[in-house]
Amino acid sequence: MPQRILVTGYGIISSIGNTVQECYQSMISGVPGIGRICNIDTVLRDELIVGEVKRTLPELLDMAGIEPEEGYSRNTVLGIIASSEAFHHARLHENRQLSTGLISATTVGGMDRCELFYNDFLTNETRNAYIDSYDCADSTERIASRLDLTDFITTISTACSSAANAILLGARLIRSGKLDRVLAGGCESLTKFHLNGFNALKILDQKPCRPFDKNRAGINLGEGSAYLVLESEESQKITGNKPICELKGWGNACEAFHQTASSPDGVGAYLAMKKALELSGLKAADIDYINAHGTGTDNNDISEGKAIETLFGNRIPMVSSTKQFTGHTTSAAGSIEAILSILCLEHQVIWPNLNFSEKIDELNFLPVTRLITGEPVRAVMSNSFGFGGNDTSLIFTKI
Amino acid sequence: MRQFITAYTLIDGFKCMVNGRLLFYQENILTFADFIKALYKQEQVNYPKFYKMDALGKLGFIASELLLRNKDFKLYPPELTGVVLSNSSSSLDTDIAHYETIRDREHYFPSPSVFVYTLPNIVIGEICIRNGIKGENAFLVSESFNSELIAGYVTDLFSRELVKGCLCGWIEVLGNRCEAFLAWVENQADVAETKPGMFNPVPFDAEHLKLLKNQNDR
Amino acid sequence: MEELIEKLKKEVIEQLNLEDIKPEDINPDSPLFGEGLGLDSIDALELIVLLEKNYGIKIEDPKDGKKIFFSIRSMAEYITANKK
């Protein structure tokens, strides 16, 4: 019988709250975090709406107890805040004899500072501390250093499935006996770099996004960070941590269709979800809720929708996207949405798919449009699909 | 069941070796762009989409093409073929190119096709599209090639029967500096009989990955 | 118009990295997408950038692109009609 993977800690910071509790309050109240760009001086400032963390960088540094001279990017500080919450929740500073890994995911790395200072790095030496912070792995190293995690450290960068893949890898490392505990998740701050990039791909909606709606027009980008603590059963017996839920299944597959688009039938999404289901030992009918990738693009929602219909047949679970609340947090989405999915199990709720009016013609199901309480929620699937066709699905179950 | 490396590509600087044999080296080549184009043409790859890829994409694509172009994929179902790559610069080379298009507020033309490549794992997408691969794929970023991590990760995939064949290694490019090490890994039972003059498969583990990557041509 | 068509061919080849293709290989009336040069959705977006960068013409909705970018000639006609 393979080792059960227990979730014993979580931490998050996003546009809807700076802690798990704050995010839960926003979700329950139905209050999204989408609004005008406040922290970035970009030509797109008046055009786009985003899910920004509601703190300036000095405020974030202060929250994390970091001096400004230390060369921390906004991205890394978000990572430190969220990972610290999870770290303390699961008391990772205790029982140091247990081997503990850190797997962090990001794409922007130190971009949010470097893009500001790039033009005059050569002539202005006062910001040299940020040069080294550029690399993706730097944010991971700094988190590891602050939390004194040294047994195993790695960084994953697979676009919008990154953080989900970090959780997947963590589970594998525990199951193969290489680690007892893993702090896994991701961080991503907004940058001019990718605001402009996504805008050039013309997949951003200037209005609040409408996943699974017939008239959806694209993404609202977001930022944030989230981490889970995963423990083996044996580790949990030693730490005595109360498990929040179980990570029951996971699956990853490649679409092999296009660099940024998904296939019309969602083959990659289907394979990833199917793998996760098979690993979990559950039947399709056991899944109560899918927290969809649901970005609000023309392409993703129909592709993911088709994949869901293919896998679940006549018995489609409740489905919603929560990106209308948080924005699309790209490399952090996998872990942010994992926590939102876990909150469904904890509090026995299903999140609404906001901003929905009309069904997509080609799909046969409707997303959930209001907050659902009073229905049993025992198994939740969380999807994260990345550019490059990297598709990942995670399944969490109630203990 | 054990796994073996049955083929590998090694690109260091502007030199390319396959299975330990020198395939390409021209002294007068000075840039990565010229090198990869010359290699593409010498090997008569014939895949027009190649020209749209960024440097990381081109490097990964060619390095994998040299291993996979003659592969009989009937032995390796697409959903059971994996790709696990790594590097240290992520997509920095293309990040710089993208940044140049948005740097000047007056002359502001972000290029969608450049932006698409500002993710290190797109090269995996290109390899998978070319070969119809649909199995597990991951991209890891670390300071230098971590043979233990890659060997551990991929061996684990095999032991769980998640893959029957896996392409893994290191694809790194920044400016004119490039390095690629790709190994094709499969189960012992699937290893074809070695004919004289062919590369002798070596056991797949961290030790042998390190050995092959640091090899010079014979 | 013919001069613009020849200029456009070179610009399209450059903007879309169509390295193995020469201007004389492109028939100005042949479809650019689908069969023709095998262009995809990202190429369509790049053509929108080309129009803005080289001719000052802004296309807000990518869906308009289908008609405008049908062929080199349709591009040339659109530019002639809309150039600032």
Side-chain angles (χ1 to χ4, degrees), chain A residues 42-43 106-109 111 114-115 118-119 134-137 140-141 152-162 165 168-169 172-173 175-176 178 192-202 251-260 267-268 271 274-275 279 331 386-391, chain B residues 49 52-53 57 78-79 81-83 86-92 95-96 98-99 101-103 105 108-143 146 149 152-153 155-157 159-160 162:
Chain A
T42 164
V43 302
T106 185
T107 296
V108 304
M111 177 69 75
C114 288
E115 68 183 6
Y118 183 70
N119 285 337
Y134 182 78
D135 295 315
C136 289
T140 313
E141 300 266 331
F152 177 87
I153 307 168
T154 194
T155 307
I156 290 189
S157 194
T158 58
C160 308
S161 54
S162 295
N165 284 332
L168 180 154
L169 177 58
R172 285 237 185 92
L173 287 167
R175 204 161 256 189
S176 59
K178 297 223 172 4
K192 282 193 278 195
F193 189 99
H194 72 284
L195 280 167
N196 279 287
F198 275 86
N199 199 42
L201 290 175
K202 299 207 183 298
N252 171 276
C254 186
E255 258 268 273
F257 179 74
H258 184 269
Q259 300 93 332
T260 55
V267 171
L271 288 172
K274 183 162 170 277
K275 266 189 185 178
L279 184 66
S331 300
F387 280 174
N390 191 303
D391 297 340
Chain B
K49 286 186 197 172
K52 295 176 197 277
M53 298 178 198
E79 293 102 68
T81 305
V83 184
S86 59
N87 77 8
S88 75
S89 306
S90 181
S91 56
L92 178 55
D95 293 354
I96 294 169
H98 171 68
Y99 185 77
T101 66
I102 60 172
R103 181 185 230 186
R105 283 177 107 113
Y108 202 79
F109 298 105
S111 160
S113 61
V114 170
F115 179 67
V116 157
Y117 289 97
T118 57
L119 289 164
N121 65 300
I122 302 293
V123 60
I124 297 183
E126 295 289 7
I127 295 171
C128 291
I129 292 169
R130 168 61 158 171
N131 298 288
I133 293 171
K134 292 187 160 61
E136 169 126 352
N137 57 124
F139 200 102
L140 308 170
V141 180
S142 55
E143 196 158 346
N146 188 335
L149 176 58
Y153 192 118
T155 303
D156 190 65
L157 292 178
S159 71
R160 292 179 200 291
L162 287 170

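A, B, ... follow the sequence lines: proteins, then strands. Residue 1 opens every chain. Atoms considered below: every heavy atom in the structure, side chains included; atoms not considered: hydrogens, waters and symmetry mates.
Contact annotation for B:Ser88: only backbone heavy atoms (N, CA, C, O) come within less than 4.5 Å of a heavy atom of chain A. Contacts of A:Asn196 with chain B are made by both backbone and side-chain atoms, with heavy-atom separations under 4.5 Å. Both the backbone and the side chain of B:Glu136 come within contact range of chain A, each with at least one heavy atom under 4.5 Å from a heavy atom of that chain. Heavy atoms of A:Lys275 lying under 4.5 Å from chain B belong exclusively to its side chain. Contact annotation for A:Leu168: only side-chain heavy atoms (C-beta onward) come within less than 4.5 Å of a heavy atom of chain B. For chain B, the nearby part of A:Leu271 is the side chain; its heavy atoms alone come within less than 4.5 Å. Only the side chain of B:Tyr108 comes within contact range of chain A, with heavy atoms under 4.5 Å apart. If you measure heavy-atom distances from A:Ser157 to chain B, the contacts under 4.5 Å come from both the backbone and the side chain. Using a 4.5 Å cut-off between heavy atoms, A:Glu255 contacts chain B through its backbone alone, with no side-chain atom that close. For A:Leu169, the part lying under 4.5 angstrom from a heavy atom of chain B is the side chain only. Neither the backbone nor the side chain of B:Asn146 comes within contact range of chain A; no heavy atom of the residue lies under 4.5 Å from a heavy atom of that chain. With a 4.5 angstrom heavy-atom cutoff, B:Asn137 touches chain A via backbone and side-chain atoms both. Of the atoms belonging to A:Asn199, not a single heavy atom falls under 4.5 Å from chain B.
With sequence neighbours excluded, the residues that form a side-chain hydrogen bond (donor to acceptor under 3.5 Å, both in side chains) with A:Thr158 are A:Ser161, A:Asn165. Residues passing the ring pair (Phe, Tyr, Trp, His ring centres under 6.0 Å) test with A:Phe198, sequence neighbours excluded: A:Phe387, B:Phe115.
With chain A as partner, the option from B:Ile124, B:Ile127, B:Ile102 having the largest number of non-hydrogen pairs under 4.5 angstrom is B:Ile102. Annotation: maximal heavy-atom pairing with chain B below 4.5 Å, among A:Gly389, A:Ser331, A:Ser176, occurs at A:Ser176. Interface summary for chain B: among A:Lys178, A:Lys192, A:Arg172, the most heavy-atom pairs under 4.5 angstrom belong to A:Arg172. Interface check for chain A: of the options B:His98, B:Arg130, B:Glu126, the most heavy-atom pairs under 4.5 Å are formed by B:His98.
Counting heavy atoms from C-beta on, the side chains of B:Pro112 and A:Lys202 never come closer than 4.5 Å.
Of all heavy-atom pairs between B:Tyr153 and B:Ala138, the closest is OH-CB, 3.5 Å. The two residues A:Ala253 and A:Gly268 have their closest heavy-atom pair at CB-O, 3.9 Å. Contact between A:Phe193 and A:Met111 at its shortest, heavy atoms only, is CD1-CE, 3.3 Å. Considering every non-hydrogen atom in both A:Ala159 and A:Ser162, the closest pair reads O-OG, 2.6 Å. Closest heavy-atom contact between B:Cys128 and A:Ala256: O-CB, 3.4 Å.
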Subject >> Worked verdict on B:Tyr99 versus A:Tyr118 for ring pair (Phe, Tyr, Trp, His ring centres under 6.0 Å) >> reply: CA-CA 9 Å; B:Tyr99 185 77; A:Tyr118 183 70; 4.9 Å; yes
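Between the side chain of A:Gln259 and the backbone N or O of B:Ile122, no donor-acceptor pair lies under 3.5 Å.
In this structure, B:Ser86 OG and B:Phe139 CZ are separated by 6.5 Å, a value rounded to the nearest 0.5 Å.
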